Structure formats: structure tokens, C-alpha cells
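Every value quoted in this text rests on a predicted model; they were computed, and no experiment measured them. Per chain, numbering begins at 1; letters A, B, ... match sequence-line order.
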There are 2 protein chains.
Amino acid sequence: MTHKKRVTLQDVANHAGVSRATASLIVRGSSKIAEKTKQKVLNSMHELGYVYDRVAANMRSQSSSTVGLIITDIANPFYAELLRGVHHSLEEAGYTVFLGTTFDSDMKQEQLISRMLEHRVGGIILCPVSESSGNSIERVKAIDIPLVLAVREIENVSCDYVGIDYAVGAQMAVNHLIHRGHRRIAFLGGTSHSTAWKERRSGYCSALKQAGLDIDETLIVESPVTREGGMGAIRKVLFQANPPTAVFCFNDLVAHGVMLGLNDAGLKPGQDLAVVGFDNNNEAPLYNPPLTTVSSYARLIGSQAAILLHQRIVNQERDTQRIILQPELVVRKSS
Amino acid sequence: MTHKKRVTLQDVANHAGVSRATASLIVRGSSKIAEKTKQKVLNSMHELGYVYDRVAANMRSQSSSTVGLIITDIANPFYAELLRGVHHSLEEAGYTVFLGTTFDSDMKQEQLISRMLEHRVGGIILCPVSESSGNSIERVKAIDIPLVLAVREIENVSCDYVGIDYAVGAQMAVNHLIHRGHRRIAFLGGTSHSTAWKERRSGYCSALKQAGLDIDETLIVESPVTREGGMGAIRKVLFQANPPTAVFCFNDLVAHGVMLGLNDAGLKPGQDLAVVGFDNNNEAPLYNPPLTTVSSYARLIGSQAAILLHQRIVNQERDTQRIILQPELVVRKSS
DNA sequence: CTGAAAGCGCTTACAG
DNA sequence: CTGAAAGCGCTTACAG
């Protein structure tokens with residue numbers, strides 16, 4: 001592989017017999033250039049194999065055409081969908097996106113933020129880890145470029161945010177179970193430090209209270225937000241003296257784990273025990289049985305976050321926006 | 001949001017009372033600096049909130065700390081896993097990764113490549129679209145920075161490659177079905193222009209031939225590589241005069257679609273008709289019934305590609321490498 | 001449209 | 001360790 005020297009705008013200008021300033025205008029799509037000159041220069045670019053150096057341009061003009069997206073785990077279909085939304089909106093607007101995955105590690109999140117800032121991203125969309133340490137909250141606060149939080153908020157950090165109303169979603173799910181006659185309903189999965197969990201819990205509790213049911217703390221079990229987490233959580237709750245007849249899960253992933261755990265125990269989800277998830281992943285209708293769940297519009301959250309970020313980049317002064325999408329219950333066979 | 005002026009290395013040097021050259025050495029982790037000076041400078045950096053400008057540094061030193069990863073669709077768990085592998089290896093090595101998704105569009109692929117080159121990526125890992133046009137092949141050939149192809153090769157493009165032996169994998173899958181007594185085995189999904197499809201087909205055919213079975217072209221149906229594609233493909237093959245008793249699918253996603261299609265038709269996958277997939281996604285064991293499939297080591301392909309790219313960046317002169325992983329059959333209840 | 005100069009924030013190379 | 005200069009590939013601003 002031979003290493004060619006990079007072709008510069010000066011080379012192009014020389015080749016086309018124009019000044020560098022003119023070439024620069026053309027590469028940026030200025031309309032003030034005579035069509036004939038423009039074609040001449042474009043031909044030269046093509047001939048020389050010129051590649052515009054956006055990095056140099058951004059540096060000189062103190063701008064940026066990149067954006068950072070930080071999520072917790074791409075293996076979670078929720079985030080895969082969110083990423084789709086972000087990419088769709090952002091690439092259309094001409095940004096190139098850096099992707100970082102934290103695997104819910106606080107430290108990793110800090111590293112990624114630093115890395116992206118060092119790379120002069122124009123803004124960051126951050127889906128925070130579920131438990132932000134004090135350090136990492138300070139880190140986020142110290143970000144002095146456009147920042148949009150998605151999915152989870154961080155306490156005491158005020159900036160643009162897109163998420164859904166988890167409390168309402170949880171309430172819908174639990175109400176549904178109550179209407180089906182269930183009185184012992186567990187809430188499984190997630191970690192109590194995250195706002196996303198607290199909100200779900202609050203919705204879960206309101207629904208129970210409204211129905212005149214007591215809250216039984218033994219029916220609330222935290223777990224990692226994975227299939228494995230769900231399998232573990234259902235086990236803990238299944239073998240107690242007075243087991244639940246229905247389960248509201250932190251998300252579909254956990255719900256899937258719960259179903260697998262039930263199968264292991266010889267129980268049929270949807271028949272022996274009702275299961276409701278949260279997210280409405282692409283896979284939810286395909287589970288066995290198809291999963292009743294709350295749609296959390298991952299794709300929409302992503303594209304809204306992207307739009308918010310773009311607007312913030314364009315205008316730093318505008319008021320902070322909070323977009324809270326309303327969830328929707330999708331009833332299937334698991335409940 | 002107030003817009004602070006960026007703190008430069010010069011500012012840090014002034015604050016710490018050293019020269020810019022010294023500060024530069026320290027920020028790059030040189031060991032030739034007295035510990036005391038170093039601490040003084042690091043303190044100043046912290047105090048001023050200095051953010052290293054990697055973009056400027058890379059530009060001056062004609063290097064790069066970014067890498068581009070181009071995949072077809074993040075909603076395919078195979079690519080989600082591959083991405084995990086890439087990120088793991090690459091972030092460890094200090095790169096920040098640009099992600100682009102083509103959705104199997106040739107044009108999008110060209111755009112993404114151009115964008116990434118304009119952003120001075122140090123190298124690209126490309127999972128090519130399934131049907132590369134002449135134009136886009138030329139585009140790929142014209143890439144004059146380190147390039148690693150993954151998952152699919154492109155004809156007449158010679159560069160580092162990581163993939164698995166699809167032919168062998170397909171053969172294993174079909175052999176397995178033959179041993180279970182099946183004689184009419186369909187091959188569903190994928191598009192015939194991709195090498196990944198051709199190789200699978202070749203493995204499918206060899207297995208049939210070895211067993212003395214004829215190849216029936218009506219049992220080979222192409223489709224998009226999605227669940228929907230699988231649902232469509234099984235429909236086409238199910239209602240013919242002499243339907244198959246087993247199906248080998250392009251991948252797990254297609255297989256899942258096939259299962260859903262069977263359910264729709266009132267048939268039970270694994271009982272009325274055997275189904276085998278390809279990839280061994282995280283979800284494969286969780287399908288109903290659990291899916292027999294060929295493991296394609298997505299994660300490993302990703303991390304190997306990352307390693308290859310890193311090596312190529314470090315040493316442009318080394319010989320082209322081709323890493324072909326050997327697949328493995330994972331037998332579950334669907335066959 | 002041209003031309004010459006300055007600057008974005010770094011690294012490089014070198015004399016001291 | 002310092003200091004001064006040059007340069008990475010662009011854009012900006014301005015006089016002509």
C-alpha cells in the first residue's frame with residue numbers, strides 16, 4: 001500500500017488555475033461562483049482525487065460536524081432502535097456520529113465523554129448509566145457543549161431531555177393486570193437508584209393504591225436489566241409463601257428472562273402467571289407467548305433527541321426543553 | 001449557556017509557568033519530564049478545565065485516533081454483537097469510533113465512506129452491502145487508508161478480511177437435517193448477489209449431492225434478510241405441490257420469520273417442519289422452540305477485524321490477511 | 001473573482 | 001527543560 005500525500009485545496013486550485021479562496025468557496029457550495037469556474041474546479045477535484053478535510057475546516061472555523069452518542073448497551077434492542085432514530089435524523093442534518101457504549105459503567109461513561117470532547121464533537125446525546133456517581137454527575141455538568149439527555153434524567157442536571165412518562169406507563173401496565181383480576185402483582189428488575197426505576201415504581205404503587213391493594217415489598221425485586229437478571233428475579237419471588245399471580249417487569253428484556261425462568265420452573269407464562277414488559281421491542285410480539293408490554297417509542301426518543309441536539313447546536317440560548325412522550329399499552333397473550 | 005473560549009495548551013503553560021513545548025510533552029505522557037513539573041502542569045490543567053484537542057494534535061502530526069465502522073443494520077443482533085467486538089478491541093487501543101449504518105443501501109455506503117474519509121479516520125471496518133454496484137466497488141477500491149472487510153467480501157477487492165466459512169456452516173446445517181431423515185430441504189432467505197449467499201448455497205448443494213439428493217430450485221427462495229423476509233419466503237414454499245419437510249435459513253432473523261409464518265399457517269416449527277438458522281444470535285435459544293443454528297461468532301469477527309485494522313494502521317506494509325473462522329452447529333429443539 | 005496574510009490548537013525540530 | 005519558528009489544511013477578512 002503506497003502512501004500518497006494528501007491532495008490539498010491548494011493543489012486543486014493550482015490544477016484548475018484558480019485561487020485557493022475560490023476553490024474553498026466552491027467546496028463549500030457557494031452560489032456566488034460562475035458555473036463555468038465551478039465545473040472546472042470540480043473536475044480538477046475529481047481528477048486529483050481530492051478529499052475535503054472537514055477536520056481542518058472545522059478547526060479553522062471553530063465549528064464541528066460530529067456528534068457523540070453514548071448508550072449503555074447495543075445488545076438491548078431498545079437502544080438499537082434509539083440509535084436508528086438518532087442516526088436517521090442526524091445523518092440527514094450532515095453530522096457524523098461517534099458511538100460509545102458504557103455497559104452501564106459509570107467510569108466508562110466519564111471516559112467516553114472526555115474522549116468525545118477531545119475530538120471536538122459539536123454536541124452529545126447521553127443515555128446516562130443507571131447509577132451516576134457524584135463524580136460522574138460533576139463530569140456531566142462540566143460539559144460545556146450542547147448536551148441532550150435521553151431515556152434517563154440525572155438529578156440536579158438541568159438540560160434538554162427526551163424520555164417517556166415511565167410512571168404513567170407503569171400505571172397502565174399494572175391497572176391492566178388489576179382489571180384482569182390479579183391482586184398480587186410483583187415488580188421485577190431494574191435498580192432502585194435510577195430515575196427510570198423510581199418512576200416505574202411510583203406508577204406501580206399508585207395503581208395498587210387506587211385499587212385499594214397493599215404494597216408488599218417482598219414482591220419488589222431489583223435485578224440487572226438483562227434476561228439473566230429477569231431469570232434471577234422471578235426465582236426469588238416464585239418460591240415464597242405467597243407468590244404473585246402476575247409480574248410487571250422493568251423492561252422486555254427482563255420480561256423475557258422472567259418467562260424463561262417460569263418455563264424452567266414448569267410454569268406457563270400467560271397461563272399460570274401473567275407477565276407484562278416495558279418497551280415494546282421488535283421482539284416482544286415474537287416471544288412465547290407474545291408479550292403484553294408498554295410501548296416506549298425508542299425510535300422516536302432517538303430522533304427527538306437528535307432534533308433537540310441539532311436545535312441546541314444552532315441556537316445555544318434557547319430555553320431548555322423537556323419532551324416527555326406518552327406511553328401506550330400493547331396487550332398480547334402473556335397477560 | 002455561556003460560551004467559554006477554549007483553554008489551550010498555551011494557557012496551561014502560562015498558568016503553570018512552563019513552556020508550551022513542555023506542556024505538550026506532558027499531555028502526551030512523556031516520561032522525560034521531572035515529576036514535580038509534571039504535577040504542577042497537571043494541576044494547572046485541572047484548574048483551568050483544559051481539554052486536550054486531539055483533532056489539532058492529529059492534524060499536526062498527520063495521525064488519527066478515529067476509526068470508522070460501517071454496518072448494514074444495527075437492528076440485526078448479529079451486527080449488534082459484531083459492534084460489541086469491534087468496540088471492545090478498538091476502544092482499548094485508544095480509538096474513538098464513527099458508526100454508520102447503510103441499511104443495505106449501496107448509495108448510503110458510498111456516502112458514509114466519503115464522510116469518514118473527510119473526517120480523517122485512521123481506518124475503516126466495512127461490512128459491505130449485499131449487492132455492491134460497480135460504482136461502489138470502485139469507491140471501495142479508491143480508499144487509500146487501512147481497510148478491513150468483515151462478514152462479506154467484495155469481488156476483485158483484495159484487502160484484509162474476517163469472516164466465517166459460510167459454505168462449511170451451511171453444509172453442517174444441511175447434513176444435520178439429512179441425518180434427521182429429511183429429503184426435501186428448502187434454502188430460504190438472502191439475496192443471490194452476495195458472496196455470503198453464494199457460499200451458503202454452495203454448502204447447501206454439496207450436502208445434498210453428497211447424500212445423493214437432487215437440487216430442487218423451487219425450494220430455493222431469496223428474500224430480504226429480515227423477519228418479514230422469512231415470513232414471505234416460507235409462504236412461497238409451503239403451498240407448492242410438494243412442500244419441504246425442513247428449512248435451512250439464511251440467518252436466524254429469517255428463521256424467526258419462517259417460524260412465525262409456520263405458526264400463522266397452523267404448523268409447529270420443530271414438529272411439523274424442521275427449521276435451522278445461521279448466526280446463533282443471543283435470541284436463538286429463546287425462540288419457540290429454541291432454534292437449531294450455526295454459530296457465526298459475530299463478536300469474534302468484530303474483535304478480529306478490529307485487531308486486523310489496528311495492525312494494518314501500525315504497519316501498512318504487511319501482507320493482506322484473511323481470517324476465516326470455522327462455524328459450529330448448535331442443535332436445539334427446532335430440528 | 002485574486003492574492004497575501006493571519007489564525008484554529010496543536011507537534012516538530014532545533015539551538016541553547 | 002526553554003524559546004522561537006514553521007506547518008498540518010483549511011477559513012476568514014480584506015484590499016484590489
Side-chain angles (χ1 to χ4, degrees), chain A residues 3-42 44-45 48-66 115 117-122 144-145, chain B residues 3-42 44-45 48-66 115 117-122 144-145:
Chain A
H3 204 62
K4 284 173 264 171
K5 219 174 151 354
R6 194 169 183 112
V7 177
T8 72
L9 211 48
Q10 184 69 71
D11 299 331
V12 172
N14 291 343
H15 185 270
V18 302
S19 74
R20 184 161 48 143
T22 308
S24 176
L25 282 170
I26 291 169
V27 84
R28 281 177 288 157
S30 164
S31 57
K32 302 188 174 177
I33 303 286
E35 189 59 28
K36 211 175 138 189
T37 323
K38 194 171 151 187
Q39 283 311 323
K40 200 169 53 178
V41 173
L42 289 178
S44 294
M45 287 183 179
L48 298 176
Y50 174 70
V51 175
Y52 183 51
D53 191 329
R54 237 169 250 289
V55 165
N58 284 336
M59 183 163 151
R60 178 58 183 94
S61 60
Q62 297 286 72
S63 59
S64 173
S65 53
T66 61
R115 274 266 182 81
L117 292 177
E118 292 178 357
H119 278 289
R120 289 177 147 278
V121 291
D144 61 347
I145 60 168
Chain B
H3 203 62
K4 284 173 262 172
K5 219 176 152 353
R6 193 168 183 114
V7 177
T8 71
L9 211 47
Q10 184 69 71
D11 298 332
V12 172
N14 291 343
H15 185 270
V18 302
S19 74
R20 185 162 46 145
T22 308
S24 176
L25 283 170
I26 290 168
V27 84
R28 282 176 288 157
S30 163
S31 57
K32 302 189 175 174
I33 303 286
E35 189 58 29
K36 211 176 139 190
T37 324
K38 194 171 151 187
Q39 282 311 323
K40 200 169 53 177
V41 173
L42 290 177
S44 295
M45 288 183 178
L48 298 177
Y50 173 69
V51 174
Y52 183 51
D53 191 329
R54 238 169 248 288
V55 164
N58 285 335
M59 183 163 151
R60 177 59 183 94
S61 60
Q62 297 285 71
S63 59
S64 173
S65 52
T66 61
R115 274 267 181 81
L117 292 177
E118 293 179 357
H119 277 289
R120 290 178 146 277
V121 291
D144 62 345
I145 59 168

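Among residues two or more places apart in sequence or in another chain, the side chain to side chain donor-acceptor pair (under 3.5 Å) test is passed with B/Arg28 by B/Ser24. Evaluation of the side chain to side chain contact (heavy atoms under 4.5 Å, CB included) rule for A/Ala57 yields A/Tyr52 as partners, not counting sequence neighbours. Partners of A/Ser65 under the side chain to side chain contact (heavy atoms under 4.5 Å, CB included) rule, at least two apart in sequence or in another chain, are A/Arg54, A/Asn58, B/His119. By the side chain to side chain contact (heavy atoms under 4.5 Å, CB included) test, B/Ser61 pairs with B/Ser63, sequence neighbours left out. In this structure B/Lys40 satisfies the side chain to side chain contact (heavy atoms under 4.5 Å, CB included) test together with B/Val18, sequence neighbours excluded.
The CG atom of A/Leu117 sits 8.0 Å away from atom CZ of B/Arg6, with the distance rounded to the nearest 0.5 Å. The distance from the CE atom of B/Met45 to the CG atom of B/Leu9 is 5.5 Å, given to the nearest 0.5 Å. In this structure, CG on A/Asp53 lies 10.5 Å from CE on A/Met59, to the nearest 0.5 angstrom.
Taking every heavy atom of residues 7-15 of chain A and every atom of DNA chain C, no pair lies under 4.0 Å. Listed in residue order, the members of residues 52-65 of chain A having a heavy atom less than 4.0 Å from DNA chain D are A/Tyr52, A/Asp53, A/Ala56, A/Ala57, A/Arg60, A/Ser61. Within residues 16-25 of chain A, the residues approaching DNA chain D are A/Arg20, A/Ser24, by heavy-atom distance under 4.0 Å.
Pairing analysis of DNA chain D (Watson-Crick: purine N1 to pyrimidine N3 plus N6-O4 or O6-N4; G-U wobble: N1-O2 and O6-N3; both under 3.5 Å) yields stems of 3 or more pairs at C:1-3 with D:14-16, C:5-12 with D:5-12, C:14-16 with D:1-3.
The two atoms that bring B/Ser64 and B/Gly122 nearest to each other are OG-N, 3.0 Å, heavy atoms only. The two residues A/Ile26 and A/Thr37 make their nearest non-hydrogen contact at CD1-O, 4.2 Å.
Sorted by first and then second residue, the salt bridge (Lys or Arg N to Asp or Glu O under 4.0 Å) pairs involving residues 10-21 of chain A (not counting sequence neighbours) form an empty list.
Of the listed residues (B/Val41, B/Val12, B/Leu42), just one forms a side-chain contact (heavy atoms from CB on, under 4.5 Å) with B/Tyr50, and that residue is B/Val12.
Chain B approaches DNA chain C within less than 4.0 angstrom (heavy atoms of the protein), and the contacting nucleotides run 5' to 3' from C/dG9 to C/dT12.
No side-chain heavy atom of A/Thr66 sits less than 4.5 Å from a side-chain heavy atom of A/Arg120. A 4.5 Å side-chain heavy-atom check between B/Gln39 and B/Lys36 finds every atom pair outside the cut-off.
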